[in-house]
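Report on the following structure.
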Amino acid sequence: MESLPGAVRTPAQELGDTLVDWFATAARDLPWRRPDVDAWAVLVSEVMLQQTPVSRVEPAWREWMARWPTPASLAAASPAEVIRAWGKLGYPRRALRLREAAVTLTERHDGAVPADVAALEALPGIGVYTARAVACFGHGQPQPVVDTNVRRVVARLIHGRAEAGPARAADLADVALLAPPEPARAVRFSVAAMELGALVCTAGTPRCGACPVRDRCAWRLAGCPPYEGPPRRVQKFAGTDRQVRGRLLDVLRAACHPVPAAELEAAWDDAVQRSRCLDSLLVDGLVEQTPDGLFTLPRG
DNA sequence: CATGCGTGGCT
DNA sequence: TAGCCAAGCAT
């Protein structure tokens, strides 16, 4: 058993404490949270989890880590291999950037994942959220970690609003107010706040009956007022370039050899849109054209 | 700062 | 059923 926190608490820190204690019993047993995983495994999980649900990441992460357990091993893989292994996690540019990050780690960080937030943010595909998540969950640093779940939790718990607005610079400071002062507890608070947003304080139909801080939640105390703000734009998919790019990549992932343009015509009828999307895939480095005009995943 | 970028499950 | 939603990032 861990000793009880010794320092005096602010009311906000008492909320953070309650979340830490709740997490001890309510946390999901996710493979990248096991004590033996290293910072590289955490980094890979965090990149995969950028906009992709846990349920789809889990099997992909297991296969990925078995195949490329170190930055150096991934750096040695070809883009084509990496794109295929990414499978249908979505946003395949993430796979390319993860490989580029592995190259940078191998060439400039002795094959290790740095613990420094600024060094992490300098890696391709690693932004404000992921850099802090890796420093915190991968290296045990007491960093504030703010993702969409945490912003929603803070919006309700502290500000009494139903939803978080757009990200603000003050988000990090808001979360820091809740964090317990002991470093080890602060680390667990960061993951606990995310877990509460993922399991209880969800975007639609929050499970307030299961919430450990419902009696101190500013949103509940205000009577759960509805969201007032600019209507969020709905992200369309059917018929967009994103769908067409996905179809084209589907063909190339399945092909064992470079394919002629004619073989890509089956992926989408509209030739203008198809051509535009193929061009954008070439620009992104997700597709490569051979000297004889065939198309393939980039062989590096 | 708004937009584009995949995919699939859920209500 | 047609949105809505899921541990963001780069531009």
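Numbers restart at 1 for each chain; the letters A, B, ... are given by sequence-line order, proteins then strands.
- In this structure, A/Lys236 atom NZ and C/dA2 atom P are separated by 10 Å, rounded to whole Å.
- The stretch residues 199-209 of chain A touches DNA chain C through A/Ala203, each having a heavy atom under 4.0 angstrom from the strand.
- A salt bridge links A/Arg28 to A/Glu195: at least one charged side-chain nitrogen sits closer than 4.0 Å to a carboxylate oxygen.
- Contact annotation for A/Thr130: backbone-only contact, meaning every heavy-atom pair under 4.0 Å involves sugar-phosphate atoms and none involves a base.
- As a whole-Å value, the separation of A/Leu96 CG from C/dC9 P is 17 Å.
- At a threshold of 4.0 angstrom between heavy atoms, the contacts of A/Arg253 are confined to the sugar-phosphate backbone, with no base atom among them.
- A/Arg274 and A/Glu263 are not joined by a salt bridge, as no carboxylate oxygen comes within less than 4.0 angstrom of a charged side-chain nitrogen.
- Of the residues in residues 138-151 of chain A, those placing a heavy atom less than 4.0 Å from an atom of DNA chain C are A/Asp147, A/Thr148, A/Asn149, in numerical order.
- When the P atom is used for both B/dG9 and C/dC9, the distance is 25 Å, rounded to whole Å.
- The side chain of A/Gln51 sits closest to C/dG8 out of C/dA7, C/dG8, C/dG3.
- Between A/Glu46 atom CD and C/dA6 atom P the separation is 16 Å, expressed in whole Å.
- For residues 107-122 of chain A, every residue pair satisfying the salt bridge (charged side-chain N to carboxylate O under 4.0 Å, His left out) rule, not counting sequence neighbours, is listed here: A/Glu121-A/Arg132.
- Each ring-ring contact (aromatic ring centres under 6.0 Å, His included) pair with one or both residues in residues 81-137 of chain A, not counting sequence neighbours, appears once here: A/Trp64-A/Trp86.
- Across the interface with DNA chain B, nearest-nucleotide mapping of A/Asp284 and A/Ala167 shows A/Ala167 to be the residue nearer the 5′ end.
- Between A/Val287 and the options A/Leu264, A/Ile83, A/Leu249, A/Leu248, a side chain to side chain contact (heavy atoms under 4.5 Å, CB included) holds for only A/Leu249.
- Across all strands shown, A/Pro166 has no heavy atoms under 4.0 Å from either base or sugar-phosphate atoms.
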Could you walk me through whether A/Val82 and A/Trp68 pass the side chain to side chain contact (heavy atoms under 4.5 Å, CB included) check? CA-CA 10 Å; A/Val82 166; A/Trp68 296 303; 4.2 Å; yes

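- Residue A/Gln243 is classed as having no contact, given no heavy-atom separation below 4.0 Å to the nucleic acid.
- Of the charged side-chain nitrogens involved, at least one lies within less than 4.0 Å of a carboxylate oxygen, so that A/Asp284 and A/Arg245 count as a salt-bridged pair.
- The interatomic distance linking A/Phe237 (CZ) with C/dA6 (P) rounds to 18 Å, in whole Å.
- Distance, A/Arg94 CZ to C/dC9 P: 11 Å, rounded to whole Å.
- Scanning DNA chain B 5' to 3' for nucleotides with an atom closer than 4.0 angstrom to a non-hydrogen atom of chain A gives a first and last hit of B/dT3 to B/dG8.
- As a whole-Å value, the separation of A/Leu49 CG from C/dG8 P is 8 Å.
- Of the residues in residues 111-122 of chain A, none lies under 4.0 Å from DNA chain C by heavy-atom distance.
- The separation between A/Tyr129 atom OH and C/dC9 atom P is 8 Å, rounded to whole Å.
- Counting non-hydrogen atoms under 4.0 angstrom, A/Trp86 reaches nothing in the nucleic acid.
- Rounded to the nearest Å, the gap between the P atom of C/dA7 and that of B/dT11 is 15 Å.
- Note on A/Ile126: only backbone sugar-phosphate atoms sit closer than 4.0 angstrom, heavy atoms only; bases stay farther off.
- The pair A/Glu81-A/Arg67 meets the salt-bridge criterion, since a charged nitrogen lies less than 4.0 angstrom from a carboxylate oxygen.
- The pair A/Asp174-A/Arg168 meets the salt-bridge criterion, since a charged nitrogen lies less than 4.0 angstrom from a carboxylate oxygen.
- Among the atoms of the strands shown, only primed sugar atoms or phosphate atoms (P, OP1, OP2) are found under 4.0 Å from some heavy atom of A/Arg152.
- One hydrophobic cluster holds both A/Leu196 and A/Phe23 under the rule that ILVMFWY side chains link at heavy-atom gaps under 4.5 Å.
- For A/Arg247 and A/Asp250, the salt-bridge test fails: no basic side-chain N is under 4.0 Å from an acidic carboxylate O.
- With respect to A/Arg62 and A/Glu58, a salt bridge is recorded, a charged nitrogen being found less than 4.0 Å from a carboxylate O.
- No side-chain donor-acceptor contact under 3.5 Å links A/Gln143 and A/Ser190.
- Inter-residue side-chain proximity for A/Pro180 and A/Gln13 is flagged as unmet; no heavy-atom pair is nearer than 4.5 Å.
- Between the side chains of A/Arg207 and A/Thr202, not a single donor N or O lies within less than 3.5 Å of an accepting N or O.
- Ion pairing between A/Arg185 and A/Asp21 holds under the 4.0 Å rule for side-chain N and carboxylate O.
- Looking at heavy-atom distances under 4.0 Å, A/Val128 makes contact with sugar-phosphate atoms alone, never a base.
- In this structure, the CH2 atom of A/Trp61 is 19 Å from the P atom of C/dA7, given to the nearest Å.
- Here A/Arg97 lies in heavy-atom contact (under 4.0 Å) with sugar-phosphate atoms only.
- Residue contacts for A/Leu281: at a heavy-atom cut-off of 4.0 Å it reaches no nucleic acid atom on any strand shown.
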